[in-house]
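Read the numbers this way: they start at 1 and go in the same order the structure lists the ligands and their atoms.
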Amino acid sequence: MRIRAAQPEDLPTLQDIERAAGEMFRAIGMPEIADDDPPPLADLERHQQEGTAWVATTETNETVAYLIADHIDAGLHIDQVSVHPNHGGKGIGRQLIDHAAAAASTNEITALTLTTFRDVPWNASYYERCGFRTLDDYELTPDLTAIRNREADHGLDRWPRVTMRRQMIS
Ligand SMILES: CC(C)(COP(=O)(O)OP(=O)(O)OC[C@H]1O[C@@H](n2cnc3c(N)ncnc32)[C@H](O)[C@@H]1OP(=O)(O)O)[C@@H](O)C(=O)NCCC(=O)NCCS
């Protein structure tokens with residue numbers, strides 16, 4: 001598996017990966033998430049141009065996973081990490097997160113953050129095993145609060161959500 005920066009021609013494939021990865025939520029009674037639209041191409045393009053979109057490719061050069069992030073609060077906020085379910089459970093998600101962490105540390109970024117579902121087995125508990133911890137409400141910065149509010153407006157707070165942080169530099 002190789003991780004590299006996303007290229008413009010990758011972007012439609014990232015939408016396909018997102019739709020396929022979203023199907024995991026249908027099996028656990030969250031069809032609304034499965035049916036949610038993938039990030040718009042313009043959004044993916046912005047991440048790609050800002051250098052905060054990475055993809056994982058197989059030996060046969062198939063793009064099977066991606067991670068997009070945003071610079072917020074002297075940190076890197078993971079907007080989305082998705083692995084095509086045909087390639088799930090092989091550590092690709094971890095590799096992408098570690099790649100983003102390495103990119104962040106070379107830019108003197110102090111932390112990785114993300115928001116996720118508290119009770120979905122491959123979300124909060126998985127990220128804990130990847131070195132993230134759940135933040136208390138009082139620890140949320142204005143930027144993180146704004147992200148949570150946007151997600152609530154989008155209906156994601158129908159299920160318990162958490163904000164998580166992985167410290168990079170103490
Ligand atoms: C979350 C995701 C990116 C992980 O990618 P991955 O390459 O499969 O990740 P890894 O191989 O590193 O690890 C998979 C982990 O998820 C857990 N997992 C996967 N499927 C699971 C399932 N159906 N039930 C319970 N746990 C599951 C595994 O136990 C494993 O954790 P562990 O290695 O610590 O035991 C991927 O499952 C995915 O794209 N999910 C759908 C989209 C999503 O939820 N994205 C994150 C939004 S915040």
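Taken to the nearest 0.5 Å, the CD1 atom of I147 stands 8.0 Å off from the CG atom of D73. Atom CG of residue D36 and atom CD of residue E18 lie 8.5 Å apart, to the nearest 0.5 angstrom. Atom OG1 in T52 sits 11.5 Å away from atom NE2 in H77 (nearest 0.5 Å). One finds the CG atom of L135 at 5.0 Å from the CZ atom of R133 (value rounded to the nearest 0.5 Å). Atom CD of residue E23 and atom CZ of residue R26 lie 4.0 Å apart, to the nearest 0.5 angstrom. With rounding to the nearest 0.5 angstrom, the CZ atom of R158 is 9.0 Å from the CE atom of M30.
For the pair E151 (side chain) and L156 (backbone), a donor-acceptor distance under 3.5 Å is absent.
With a 4.0 Å heavy-atom cut-off, ligand 1 is reached by the side chain of N123 but not by its N, CA, C or O. For W122, heavy-atom contacts with ligand 1 shorter than 4.0 Å involve the backbone as well as the side chain. At a 4.0 Å heavy-atom cut-off, ligand 1 does not touch Q95 at all. The residue F117 has no part lying near ligand 1, judged by heavy-atom distances below 4.0 Å. Of all the heavy atoms of Y66, none lies under 4.0 Å from any atom of ligand 1, so neither backbone nor side chain is involved.
For atom 7 (O) of ligand 1, the closest non-hydrogen atom of the protein is G93 N, 2.8 Å. Of the protein's non-hydrogen atoms, P121 CB, 3.8 Å is the one closest to atom 26 (N) of ligand 1. Looking only at protein heavy atoms, the nearest one to atom 33 (O) of ligand 1 is R94 NH1, 3.0 Å. Protein heavy atom at the shortest distance from atom 39 (O) of ligand 1 is V83 N, 2.8 Å. The protein heavy atom nearest to atom 14 (C) of ligand 1 is Y126 CE1, 3.8 Å. Closest protein heavy atom to atom 8 (O) of ligand 1: G89 N, 2.8 Å. Annotation: atom 46 (C) of ligand 1 to nearest protein heavy atom, Y127 OH, 3.1 Å. With respect to atom 11 (O) of ligand 1, the closest heavy atom belonging to the protein is G91 N, 2.6 Å.
Under 4.0 Å is where a charged nitrogen must lie from a carboxylate oxygen, and between D43 and R46 at least one such pair does.
Residue G88 approaches ligand 1 through these ligand atoms, each under 4.0 Å from one of its heavy atoms: 8 (O). Residue A21 has at least one heavy-atom neighbour below 4.0 Å for each of these atoms of ligand 1: 39 (O), 41 (C). The distance from ligand 1 to the heavy atoms of I92 drops below 4.0 Å at these ligand atoms: 7 (O). Close approach of ligand 1 to T116 (heavy-atom distance below 4.0 Å) involves ligand atoms 48 (S).
The side-chain tip of R165 does not point at the ring of F132 from less than 6.0 angstrom away and within 45° of straight on.
For Q80, the heavy-atom gap to ligand 1 drops under 4.0 angstrom.
V64 is listed as a side-chain neighbour of M1, based on a closest heavy-atom distance under 4.5 Å. Inter-residue side-chain proximity for V55 and R4 is flagged as met; some heavy-atom pair is nearer than 4.5 Å.
Residues M168 and I72 do not share a hydrophobic cluster, defined by chaining ILVMFWY side chains whose heavy atoms lie under 4.5 Å apart.
Counting only non-hydrogen atoms, the option in M24, E18, R129, M30 that gets closest to atom 31 (O) of ligand 1 is R129. Of all the listed residues (V81, V120, I17, I97), V81 holds the heavy atom that lies closest to atom 3 (C) of ligand 1.
Geometrically, ligand 1 and K90 share a nitrogen or oxygen pair separated by less than 3.5 Å.
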#### Entry: Check against side-chain contact (heavy atoms from CB on, under 4.5 Å), E32 and F25
CA-CA 8 Å; E32 296 87 345; F25 289 91; over 6 Å; no
